[in-house]
There are 2 protein chains.
Amino acid sequence: MNTHNIINFLREKGLKVTSQRLAICSFILSRKDHPTAEQIFQELRDEYPTISLGTIYKTLHLLKDLRLIQELGFNNGSIRYDPDMELHVNMICSKCGKIYDYKTKNVKNLWDAILSELNVKPVGQRIDVYYECDDCKNINST
Amino acid sequence: MNTHNIINFLREKGLKVTSQRLAICSFILSRKDHPTAEQIFQELRDEYPTISLGTIYKTLHLLKDLRLIQELGFNNGSIRYDPDMELHVNMICSKCGKIYDYKTKNVKNLWDAILSELNVKPVGQRIDVYYECDDCKNINST
DNA sequence: TTACTATTTGATAATGGTTATTAATGAATC
DNA sequence: GATTCATTAATAACCATTATCAAATAGTAA
Ligand SMILES: [Mn+2]
Ligand SMILES: [Mn+2]
Ligand SMILES: [Zn+2]
Ligand SMILES: [Zn+2]
């Protein structure tokens with residue numbers, strides 16, 4: 001979703017297009033690494049020195065309500081934001097916390113099979129695989 | 001895991017068997033509803049009026065380190081505790097938050113297929129399905 | 001362009017769940 | 001029963017998130 005699309009989307013919803021809002025939306029909608037609110041705040045401060053953490057949170061909640069992003073709560077209490085709303089597997093390093101998304105036709109087929117067995121119509125899902133990433137593996141083996 | 005097993009397990013690990021510890025372990029290891037620390041605290045206060053929330057947390061962390069329970073962080077910031085360490089699907093009502101575990105041979109087969117495609121050796125996983133439970137469905141339809 | 005208005009922002013305070021601290025307690029051992 | 005050291009309970013500290021509200025501003029219309 002590019003800047004133009006975001007502007008149109010906000011306007012359609014009757015929301016004002018502020019520079020902060022645009023920056024936060026562009027940022028999170030393009031990121032693949034599931035950042036926290038604090039991380040977004042820190043990265044945007046360079047370009048928007050007066051931006052407030054409260055605005056980050058408000059915008060993230062807005063995007064969540066508009067179903068453009070999802071929140072992922074973790075067991076250390078942190079909440080990370082994921083702009084991929086489609087079915088996918090979050091590959092999470094149990095050591096460093098890095099995440100990447102994994103999505104193939106096979107995952108979808110297998111997931112549909114589980115759902116038909118469960119016999120429910122889900123309104124959402126979350127699939128995490130915790131593993132040790134290559135970087136962390138290499139550190140351990142040195 | 002019954003009381004006797006828990007006592008032996010704690011002794012094997014060189015941990016003292018206190019009445020509080022035993023109560024907390026028995027409670028969480030037998031519950032299927034993924035309670036929060038606060039819920040455990042409230043339910044144990046009847047029988048143990050002086051029990052402290054700090055002790056609840058310490059014991060839960062202990063059980064987590066001993067790999068007898070897992071923490072599940074949610075996107076409202078709450079953390080719930082699950083004594084089922086085997087592969088299973090958490091069926092979570094998106095309205096009322098109730099959870100039950102779903103586990104079948106088929107789920108395992110399907111998951112193994114996904115893992116072999118991913119080509120990683122996971123150290124853990126989490127599978128959530130969000131849906132509307134029967135109770136919440138009925139409330140809406142009245 | 002200017003004036004108007006409702007929304008949004010930023011600064012700050014408040015909230016609430018989790019963790020840290022520490023003196024008192026009590027389980028395990030002899 | 002005495003000793004020892006892990007554990008507990010009470011309390012304070014911490015910190016991420018939310019609430020508050022006056023100031024700023026986007027959108028709209030004169
Ligand atoms: Mn993801
Ligand atoms: Mn479960
Ligand atoms: Zn890693
Ligand atoms: Zn429900």
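Just so it is clear: chains get the letters A, B, ... in the order the sequence lines come, proteins before strands, and each one is counted from 1. Only heavy atoms go into these numbers, but all of them, side chains included; no hydrogens, no water, no symmetry mates.
B:Arg45 places its CZ atom 9 Å from the P atom of D:dA10, with the value rounded to the nearest Å. Protein atom NZ of A:Lys13 is 17 Å distant from nucleotide atom P of D:dG27, rounded to whole Å. Look at CD on B:Glu38: it is 14 Å from P on C:dT19, rounded to the nearest Å. In this structure, the CG atom of A:Leu10 is 10 Å from the P atom of C:dT9, given to the nearest Å. Rounded to whole Å, the distance from CD1 on B:Ile7 to P on C:dA27 is 12 Å. Atom CD1 in A:Ile51 sits roughly 15 Å away from atom C1' in D:dT25 (whole-Å rounding). In this structure, the NE2 atom of B:His61 is 15 Å from the P atom of C:dG17, given to the nearest Å. Distance A:Leu53 CG to D:dT20 P: 18 Å, rounded to the nearest Å.
Applying the side-chain hydrogen bond (donor to acceptor under 3.5 Å, both in side chains) rule to A:Glu132 yields the partners A:Lys95, A:Asn140; only residues at least two apart in sequence or on another chain are considered.
For A:Lys58, counting side-chain heavy atoms from C-beta on, the closest listed nucleotide (D:dT8, C:dG10, D:dT18) is C:dG10. Of the listed nucleotides (C:dA11, D:dA9, D:dT8), D:dA9 has the atom at the smallest distance from the side chain of B:Thr50. Among the nucleotides D:dT7, D:dT8, D:dG27, the one closest to any side-chain atom of B:Gln20 is D:dT8. Picking from C:dG10, C:dT8, D:dG27 the nucleotide with the shortest atom distance to the side chain of A:Val17 gives D:dG27. Side chain of B:Lys16, nearest nucleotide from C:dG26, C:dG10, D:dT8: C:dG26.
To the nearest 0.5 angstrom, A:Arg11 atom CZ is 12.5 Å from A:Ile6 atom CD1.
At the phosphate of D:dG27, OP1 or OP2 sits under 4.0 Å from a side-chain N or O atom of A:Arg11.
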Could you walk me through whether A:Phe74 and A:Ile79 satisfy the side chain to side chain contact (heavy atoms under 4.5 Å, CB included) test, starting with their C-alpha distance in whole Å, then the side-chain angles of each, then the deciding distance to 0.1 Å, before giving a yes or no? CA-CA 6 Å; A:Phe74 287 88; A:Ile79 297 176; over 6 Å; no
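Heavy-atom nearest nucleotides on DNA chain C were determined for B:Leu15 and for A:Thr55, and the one closer to the 5' end corresponds to A:Thr55. Along DNA chain D, the nucleotide nearest A:Ile79 and the nucleotide nearest B:Thr18 are compared for position; the residue whose nucleotide lies closer to the 5' end is B:Thr18.
Under the 4.5 Å side-chain contact rule for hydrophobic residues, A:Met1 and A:Met85 do not share a cluster.
Closest of all the heavy-atom pairs between A:Ile69 and A:Ile28 is CG2-CG1, 4.3 Å.
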